[in-house]
Amino acid sequence: MDVRVRFAPSPTGFLHIGGVRTALFNWLFARHEGGKFILRIEDTDKQRSERRFEDDILKNLEWLGITWDEPPARQSERLEIYEKNLKNLLDSHKAYYCFCTPEELEDEYQAQMSQGLVPKYSGKCRSLSEEERAVKQLKNPGVIRFRMRDHVVSFSDMIRGKVEFNTALFGDIIIAKSLREPLYNFASVIDDADMKISHVIRGEEHLSNTPKQIMLQEALDLPTPKYAHLPLILGADKKKLSKRVLTNSLNDYRAQGFLPSAIINFLMLLGWHPSDDKEVFTVPEMIAAFSIKRVQKAGAIYNPEKLDWFNAMHIRQLSDVELAQYLKPFIPEEWASDKNRLLRAIAVTKERMKSLTDFQKEAGFVFAVAEYPATMLVWKSATVPQTITRLEYVHALLTKDDGVVFPSEHTATALMEYANKEGRGDVLWPLRVALSGREASPGPAELLRILGKDESVRRIADAVQKLKHTL
RNA sequence: GGCCCUAUCGUCUAGUGGUAGGACAAUGCCCUCUCACGGCAUAAACAGGGGUUCAAUUCCCCUUGGGGCUACCA
């Protein structure tokens, strides 16, 4: 059997982290099995669907590298096929028109509940004659209901095993508002069959829709795909994440400097685990390792700190040149155009970054020294505050350096000898502050190397001036 | 309320009918002029009750907790 899976979002909001996880598991499954991954836009709800959301979903999936194998299908462009199947169902009396108003239904449900009964459609319009139907339809277009056969539906979920539902509890569900306005359970069944979807991998919130869809498949004589219902991603409050705010939109993650591979790695391990303890995966490794059998059953609480960690790990796995590309949207243009300096800045900053947005503040000193007080140059544990003369000594030492590599091995040795003699903190601290303008920074040796001779000497001279003016 | 799903450290999880392992976060120590990295270490879990069994975290049942669904949304 050809493996064909789909991600079927409804464009009623920006792509969010829960949707990405569903897409990802489908995609990993397809890639692992050598099958096809298909995108289907479920935009049957005309009120809530918006083109900008569809664009957002496609754009972000692309950014994540979750690629689709066929042009995306849009349900709003497939109305003929739904209409045809709806007519078929109507003609064979497996579906019928219902003219009960929402108000009537509401009253009915209230009455049932007050008697302690399960609210369920009474079946009032189930056996209207053709004439009655025609008369009623004059003033009320009605909706189309599916005649639900009382039956215990049993199916085997790839993740949960055998699941059973009694359809008698559902009543006759509405499958379309009109011949050209299908509703989710119906449109989804038609499309999965028409697109020859072999495995339906979706969120657990659809578990209770599955028996309804299976009954529809039976009525339409369509095959039943294999089902896998993924555990939900929950927020810190343990509620379904997608119900929560839009701070979980992918656009936000992107703007906050997360790498696509880090997001994917993090999401893959939320509800899935390899047979060993490996955690940091490249995308090809994920595809190779993925198996639906090892998907978790219980919902997983989303843990932003671990995402930060994955992001830091993935940033480190990038080459300096690759990282420079990712950094582009997060840095001033002057930085990006000064390629050599940028690459050197990346080299010392890479392992200090948890997010791409960290670069600007971590590496800013490479491009310009921020204003700092002269007192910062004095080491807090300085035995004797001779900061000026020590910096002057270092300045003189470096000025003499004419090695091709700065500082030359000879100078570097001399510098460390001096530091060991005078006290490391007494020499290295002021030197480091003079070079970076900051209390926390990479070490002085690294700074000298990335700044180069001219800039280093200039910065130290500036520091000496600063001290002289202040004291 | 009804139906369904589910239950191992704070979080993500491994695991087995017979010492409960890893990761994130936390804490401490080491490295060290600072920050970060790194290294080492500490603390931290089988929801409860019944069975089955020589033995249950593991298998079964119940309870409890959590979640989802219960739309003319998907």
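Order of the sequence lines sets the chain letters (A, B, ...), proteins ahead of strands, with each chain counted from 1. In what follows, every heavy atom counts, from backbone to side chain, and hydrogens, waters and symmetry copies are set aside. This is a predicted model, so every value here is computed, not measured.
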Taking only side-chain N and O atoms of [X], does any of them lie within less than 4.0 angstrom of OP1 or OP2 on [N]?
X: A:Arg432; N: B:A36; result: no
X: A:Trp429; N: B:C33; result: no
X: A:Lys380; N: B:C33; result: no

Could you check whether the rings of A:Phe155 and A:Phe165 sit parallel, tilted or perpendicular, using 30° and 60° as the cut-offs?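 Plane angle under 30°, so parallel.
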
For A:Pro260, side-chain contact (heavy atoms from CB on, under 4.5 Å) partners two or more places apart: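 Checked A:Pro260 against side-chain contact (heavy atoms from CB on, under 4.5 Å); matches are A:Trp63, A:Leu64, A:Tyr326.
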
Holding to side-chain contact (heavy atoms from CB on, under 4.5 Å), I want the full list of residues that pass it with A:Ala187, two or more places apart in sequence or in another chain.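 side-chain contact (heavy atoms from CB on, under 4.5 Å) list for A:Ala187, sorted by chain: A:Thr44, A:Gln75, A:Tyr82, A:Pro182.
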
How about A:Trp27 and A:Phe7: are their ring centres within less than 6.0 Å of each other?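 Not close enough - the centres of the two rings lie 6.0 Å or further apart.
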
So which protein N/O to nucleotides 14-16 of chain B N/O distances come out below 3.5 Å?
residue : atom : partner  : partner atom : Å
B:A14   : OP1  : A:Gln296 : NE2          : 3.3
B:A14   : OP2  : A:Gln296 : OE1          : 3.0
B:G15   : OP1  : A:Arg294 : NH1          : 3.4
B:G15   : OP1  : A:Arg294 : NH2          : 3.3

Does any nucleotide pair with B:C33 by Watson-Crick or G-U wobble geometry, both distances under 3.5 Å, and what is it?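 When the pairing criteria are applied, nothing turns out to pair with B:C33, so the answer is none.
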
With a 3.5 Å cut-off and heavy atoms only, can you find an N or O donor on one side and an acceptor on the other between the side chain of A:Lys297 and the base of B:A7?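 Check fails, no donor-acceptor contact within cut-off.
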
Write out a two-atom table: protein N or O, nucleotide N or O from nucleotides 70-74 of chain B, distance below 3.5 Å.
residue : atom : partner  : partner atom : Å
B:C72   : N4   : A:Cys100 : O            : 3.3
B:C73   : OP1  : A:Lys177 : NZ           : 3.0
B:C73   : O2'  : A:Asp45  : OD2          : 2.8
B:C73   : O2'  : A:Arg48  : NE           : 3.3
B:C73   : O2'  : A:Arg48  : NH2          : 2.4
B:C73   : O2   : A:Arg48  : NH2          : 3.1
B:A74   : OP1  : A:Thr44  : OG1          : 2.5
B:A74   : OP2  : A:Tyr184 : N            : 2.8
B:A74   : O3'  : A:Glu42  : OE1          : 2.8
B:A74   : O2'  : A:Ser10  : OG           : 3.4
B:A74   : N6   : A:Asn209 : OD1          : 3.1
B:A74   : N6   : A:Asn209 : ND2          : 3.4
B:A74   : N1   : A:Asn209 : OD1          : 3.4

Which residues pass the ring-ring contact (aromatic ring centres under 6.0 Å, His included) test with A:Tyr97, sequence neighbours left out?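 Partners of A:Tyr97 under the ring-ring contact (aromatic ring centres under 6.0 Å, His included) test: none.
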
Suppose the criterion is salt bridge (Lys or Arg N to Asp or Glu O under 4.0 Å): which pairs have a residue in residues 143-153 of chain A, not counting sequence neighbours?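 Non-adjacent pairs meeting salt bridge (Lys or Arg N to Asp or Glu O under 4.0 Å): A:Arg149-A:Glu218.
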
Between B:C12, B:C33, B:G67, which one does the side chain of A:Pro444 approach most closely?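 For A:Pro444, the side-chain atoms sit closest to B:C33.
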
Given B:C4, B:C24, B:A36, which nucleotide is nearest the side-chain atoms of A:Phe165?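 Nucleotide nearest to A:Phe165's side chain: B:C4.
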
